[in-house]
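Starting from 1, each residue takes its place in the sequence as its number.
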Amino acid sequence: MIYIGQHIEKELHKQQKSVAWFSRQLGCSRTNVYKIFAKKTIDTDALVRISKILKFDFFVLYSNEIKLSPNG
């Protein structure tokens with residue numbers, strides 16, 4: 001199971017970007033960024049925006065999950 005918010009937070013820290021920077025890029029408050037980090041799922045439009053901002057394809061995580069699934 002993918003908890004997308006944790007992956008977003010991990011990638012942000014990996015890139016050494018701050019929560020303040022990320023909130024400015026998204027156009028939301030830091031409080032909302034922390035809410036994103038806590039999310040298990042996220043709207044696809046929001047994930048596209050986040051992927052573009054961080055220049056990381058978060059959809060690959062789901063593709064890999066499908067490929068590795070015994071039912072996939």
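Counting only heavy atoms from C-beta outward, the side chains of Ile8 and Val33 never approach each other to under 4.5 Å. Side-chain contact check for Leu47 versus Tyr62: some heavy-atom pair is nearer than 4.5 Å. At least one side-chain heavy atom of Leu12 sits under 4.5 Å from a side-chain heavy atom of Phe37.
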Handout entry: side chain to side chain contact (heavy atoms under 4.5 Å, CB included) assessment of Ile53 paired with Trp21
Key = CA-CA 10 Å; Ile53 290 167; Trp21 173 87; 3.7 Å; yes
Exercise for the section: Would you please test Ile42 and Ile50 for side chain to side chain contact (heavy atoms under 4.5 Å, CB included) and show each step? Expected result: CA-CA 10 Å; Ile42 193 167; Ile50 291 168; 3.6 Å; yes
Practice task
Would you please test Asn32 and Leu26 for side chain to side chain contact (heavy atoms under 4.5 Å, CB included) and show each step?
Solution key: CA-CA 10 Å; Asn32 284 341; Leu26 282 173; over 6 Å; no
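Atom CD1 of Ile36 sits about 11.0 Å away from atom CD1 of Ile4, to the nearest 0.5 Å. Residue Met1 holds its CE atom at 7.5 Å from CD of Glu65, rounded to the nearest 0.5 Å. Rounding to the nearest 0.5 angstrom, the gap separating the SG atom in Cys28 from the CD atom in Gln25 is 10.5 Å. The line from OG of Ser18 to NE2 of His13 is 10.0 Å long, rounded to the nearest 0.5 Å.
Between the side chain of Arg30 and the backbone N or O of Ser23, no donor-acceptor pair lies under 3.5 Å. Looking only at distances, no side-chain donor or acceptor of Glu11 sits under 3.5 Å from a matching main-chain atom of Phe56.
Residues Phe59 and Tyr3 fall into different hydrophobic clusters, defined by Ile, Leu, Val, Met, Phe, Trp and Tyr side chains chained together at heavy-atom separations under 4.5 Å.
Between Ile2 and His7 the shortest heavy-atom distance is CG2-CD2, 3.8 Å.
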